[in-house]
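Comments concern the structure below.
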Amino acid sequence: QVQLVESGGGLVQPGGSLRLSCAASGFAFSSYAMAWYRQAPGKERERVARIFSTGGTIIEDSVKGRFTISRDNAKNTVYLQMNDVKPDDTAVYYCRASFANIYWGQGTQVTVSS
């Protein structure tokens with residue numbers, strides 16, 4: 001019933017751009033704070049960006065100035081726009097919803113390589 005489905009990952013060259021999408025269903029999307037996390041091999045999962053139900057955002061320092069998060073409540077979708085990507089951005093990117101419950105997507109692989 002509850003689903004978070006990420007898409008848009010893939011292989012991209014350093015300096016390039018990518019837009020990830022997370023399509024949500026089965027819960028009151030507009031009430032939930034949404035976030036993007038990432039996890040590289042051998043590393044802990046880390047948060048990269050948050051967007052609240054009010055539309056306010058917090059971007060982590062590691063990606064500030066390069067990544068932006070947005071949401072479209074009419075489409076029940078949250079986005080992560082990734083610009084000027086770097087090899088260190090390589091990771092599985094996960095979508096997370098939090099409010100009354102916490103939900104995670106299955107992740108989408110982003111590989112930054114020349």
Under 3.5 Å donor-acceptor pairs involving side-chain atoms of residues 107-114, not counting sequence neighbours:
residue: T108; atom: OG1; partner: G9; partner atom: N; Å: 3.4
residue: Q109; atom: NE2; partner: A91; partner atom: O; Å: 3.4
residue: Q109; atom: NE2; partner: T111; partner atom: OG1; Å: 3.4

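- Apart from Y37 itself, the hydrophobic cluster it occupies contains V92, Y94, I102, W104, where clustering links Ile, Leu, Val, Met, Phe, Trp and Tyr at side-chain heavy-atom distances under 4.5 Å.
- The two residues N83 and S17 come nearest to each other via the heavy atoms OD1-OG, 2.9 Å.
- With sequence neighbours excluded, the residues that form a side-chain contact (heavy atoms from CB on, under 4.5 Å) with T77 are S21, A23, K75, Y79.
- In this structure, Q39 and K43 approach most closely via the heavy-atom pair NE2-O, 3.1 Å.
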Determine all donor-acceptor pairs shorter than 3.5 Å in which one atom belongs to a side chain in residues 50-70; sequence neighbours excluded.
residue: T54; atom: OG1; partner: G56; partner atom: N; Å: 3.4
residue: D61; atom: OD1; partner: K64; partner atom: NZ; Å: 2.9
residue: R66; atom: NH1; partner: D84; partner atom: O; Å: 3.0
residue: R66; atom: NH1; partner: D89; partner atom: OD2; Å: 2.7
residue: R66; atom: NH2; partner: S62; partner atom: O; Å: 3.2
residue: R66; atom: NH2; partner: D89; partner atom: OD1; Å: 3.1

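- By the side-chain hydrogen bond (donor to acceptor under 3.5 Å, both in side chains) test, N73 pairs with R71, sequence neighbours left out.
- Applying the salt bridge (Lys or Arg N to Asp or Glu O under 4.0 Å) test to every pair with at least one member in residues 92-108, sequence neighbours left out, gives no pairs at all.
- Applying the 6.0 Å contact sphere to CG of D72 captures more than 12 heavy atoms from other residues, nucleotides or ligands.
- Under the side-chain hydrogen bond (donor to acceptor under 3.5 Å, both in side chains) criterion, E46 pairs with R38, sequence neighbours left out.
- At least one side-chain heavy atom of E6 sits less than 4.5 Å from a side-chain heavy atom of W36.
- Sorted by first and then second residue, the disulfide (SG to SG under 2.5 Å) pairs with a member in residues 9-114 read C22-C95; sequence neighbours excluded.
- Legend: residues meeting side-chain hydrogen bond (donor to acceptor under 3.5 Å, both in side chains) with Q3, ordered by chain and number and at least two apart, are absent.
- For the ring pair (Phe, Tyr, Trp, His ring centres under 6.0 Å) test, residues two or more places apart in sequence or in another chain that qualify with Y103 are F27, Y32.
- Here the straight-line distance linking atom CE of M34 with atom CG of N76 works out to 9.0 Å at 0.5 Å rounding.
- Among pairs with a residue in residues 36-71, none fulfils disulfide (SG to SG under 2.5 Å), at least two apart in sequence or across chains.
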